[in-house]
Every structure is written in C-alpha cells, then in structure tokens.
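Letters A, B, ... are given to chains in the order of the sequence lines, protein chains preceding strands, and every chain is numbered from 1. The basis for the numbers below is simple: all heavy atoms, side chains too, and nothing from hydrogens, waters or symmetry mates. Not measured: the values here are computed from a predicted model.
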Number of protein chains: 2
Amino acid sequence: MRKVVLQLAVSLDGFIEGPGGEFDWCFTDDDYGMTDFFKRIDAIFIGRKSYELTLSMGGSAPPGFPALKEYVFSNSLRRVEGDRILVNGNLVEVVNNIKNQPGKDIWLYGGAALTSSLINMNLVDEMALAVHPILLGAGKPLFENLPGRVSLQLSSAQTYPSGLVMLAYKFLT
Amino acid sequence: MRKVVLQLAVSLDGFIEGPGGEFDWCFTDDDYGMTDFFKRIDAIFIGRKSYELTLSMGGSAPPGFPALKEYVFSNSLRRVEGDRILVNGNLVEVVNNIKNQPGKDIWLYGGAALTSSLINMNLVDEMALAVHPILLGAGKPLFENLPGRVSLQLSSAQTYPSGLVMLAYKFLT
C-alpha cells in the first residue's frame, strides 16, 4: 500500500512559519534529501489554504519539483484548477482508496489543519521533520487540534553541516 | 566563565508538559547522558513556580541528583527555604556575577518564564533538548514570550534505542 508521508521544515520550537508567515529561515543551501524523497513520491496531498496560497504564487510547482498528481482537500471548493483532483467527503474512505491505488508514496504537504485531520484518522504513515537550528518564538505551530497523544517510532536522525537535523518517524497505530 | 545550560525533555511538537502538567511521557529507562551532565554542573537556576512545585513535592532533590547550589529567581518571594539563594533585581548583573564566580557549569532548570527571560538577556550559553518520539498535541510550550528569533549552532545529535534524540546547541550571540 502507498504510504502518506508528512515532510516539512520546522523550527526547534515547533513552528512551521514565523508569526507573519515567514519561511525565509528555511535552509536552501543543500538538497537535504529532497531529491531522494521526490523519487519515492508521485502524488501530493494539500489543504485548501495551502492550495490557494500556491495558486496566488503562480500555481506552478517550484523548480526541481517532480510532476505530482495533486489532491486538494476541501469541503468548500467546487472545483480546482488544471488537472488537480478535488477531495472531500469521507476522508478515511477516500484516502484509503487513493492509498490502495497503484503508485508511489504520497507527500502530505500541509497545511496544519489537513495534517492534523489525517493524523487523527490514522491515515499518515511517516513523518520527516527538517529541524532547523533556530527558535522563532512565535508563528504557526506544526499541528492544530490534535485530540490527544500520538506515539511515534524514530526511523533515523541525520545531521547536516548547517546544523539542520532531519528526524524521521513512523506513526504507531 | 561558567556556562548556563538549559537541559530538558520536550515532545516532538515542542511541549515540556502535557495539558494537565503531565510528564509521564518522559523516558526513564536510560540515563540519557544525565550522569555525565551532572558531572559538569554544581549549581541550578530555577524559577519561582518550579521552586514552589519542588517544595510541594517534598523539597529534596530526586534520587541521583548531585548536590547543587540552588538559585531561586523571584521578585515576589522574600526568602527561600534551606540554603537556597534568592535571586532578584538586575538579572544581567546578578547572573553574570554568578557566572564569573569559580565553579562548574550551571543547569538552567526552568520554568519557561525564567528560561525565556534569560535567553532574551543573552545569558544562556547552551541548550540540550531530549526530544521524545511523541506528539502531545497540547501542553506547556518550551518557551514563553521570546521577543524574536534566536539563532543556534548544533553541537551534537545523539540517538538512543528508545527513539529519544538528544539535540545539543550553542546559542549564537
């Protein structure tokens, strides 16, 4: 079965954006394993807000991104641009259906609301956090409204010369 | 000069206590480097709330703790129990004075308010976070009211079989 993998950059104090939405603190000087990561995925899960944000920035993937089948999660949108696929309704059923289709793994891109929803439904398999050596003090937290504890199993911890540490976990169900 | 070292356990989503003050999620199956850490310190900085909490739990150090000179930070207390030392007034002056005294390094024990104050005044030298493989979803965050970004330099990242990762940083000033 295809795996849903949350992979994103986070400050040491657990924020994915600064208080004004900044992500200029994210290192771009190294690949940080993304080339390998892109080889294992062929689809992306993205929430409505993140989708609208990418549209407002031009709607096309950043340089270096592979061609990905994009699933946009929203109960309010009626349609999505291009060849994206709109996802709503019973998420457990729909996501498990996608996971059971042939294909590579799926990148859970965010945002926090979608991420928390899918974690709550035990639909996320792995998580890799690129922990940056900075405290932001405030901003957007990694998760929103997790209803309780979630136990994880460490898969690997990789250190980079910049001080970034990539922590990879499996979700325990 | 003696170093002030913040060392504490944190969940992967950046909480030091659960929403009800729980710390039952902290691993106790291994030493996690604490024996070595205790060898390098001979004093502890503790905020008023944490001091009162330790008093309410009996007031003596947990088993395995070394004998530490205890500095209690409070502007409201008039006296502290036993041979503890009450600290108030101009923190930059007082803390630098303590750091310039002969002795080993100093454990900044917390809580969050004292920690954030000392970080804001550039009085903290190092930080080691025992990152536990769990999401708490809610609770007491690692820091309170940092006024802005704080840049760090990764010193080491040590992985334990339990999945705990000890991340050690130096504060960049």
Query raised in the report: More than 12 heavy atoms of other residues, nucleotides or ligands under 6.0 Å from CG of Asp83(B): is that the case?
Result: no
Can you give the donor-acceptor pairs under 3.5 Å from side chains of residues 129-144 of chain A to other protein atoms, not counting sequence neighbours?
unit_1	atom_1	unit_2	atom_2	d
His132(A)	ND1	Ala130(A)	O	2.8
His132(A)	NE2	Phe27(A)	N	3.0

Query raised in the report: With the 4.5 Å side-chain cut-off for hydrophobic clustering, are Ile106(A) and Phe37(A) part of the same group?
Result: no
Query raised in the report: Asp36(A): what forms a salt bridge (Lys or Arg N to Asp or Glu O under 4.0 Å) with it, not counting sequence neighbours?
Result: Lys39(A)
Report task. State yes or no: do Val5(A) and Phe171(A) share one hydrophobic cluster built from I, L, V, M, F, W and Y residues joined by side-chain heavy-atom distances below 4.5 Å, directly or via other members? Result -> no
Query raised in the report: Got a sec: does the NZ of Lys104(B) have more than 12 other heavy atoms crowding it under 6.0 Å?
Result: yes
Query raised in the report: Hey, is NZ on Lys99(A) packed in by over 12 heavy atoms from elsewhere, all under 6.0 Å?
Result: yes
Report task. Give a yes or no on this: more than 12 heavy atoms of other residues, nucleotides or ligands lie within 6.0 Å of atom CG of Asn90(A). Result -> yes
Report task. Establish whether Leu118(B) and Leu8(B) are linked, either directly or via other cluster members, by ILVMFWY side-chain heavy-atom contacts under 4.5 Å. Result -> yes
Query raised in the report: Considering heavy atoms only, which positions within residues 13-22 of chain B lie below 4.5 Å of chain A?
Result: Asp13(B), Glu22(B)
Query raised in the report: Between Leu152(B), Leu154(B), Ile119(B), Leu146(B), which shows the greatest number of heavy-atom pairs under 4.5 Å with chain A?
Result: Leu152(B)
Query - Same apolar cluster (I L V M F W Y, side chains within < 4.5 Å links), Tyr109(B)/Tyr32(B) - result: no
Query - Residues of residues 160-168 of chain A with any heavy atom under 4.5 Å of a heavy atom in chain B - result: Gly163(A), Val165(A), Leu167(A)
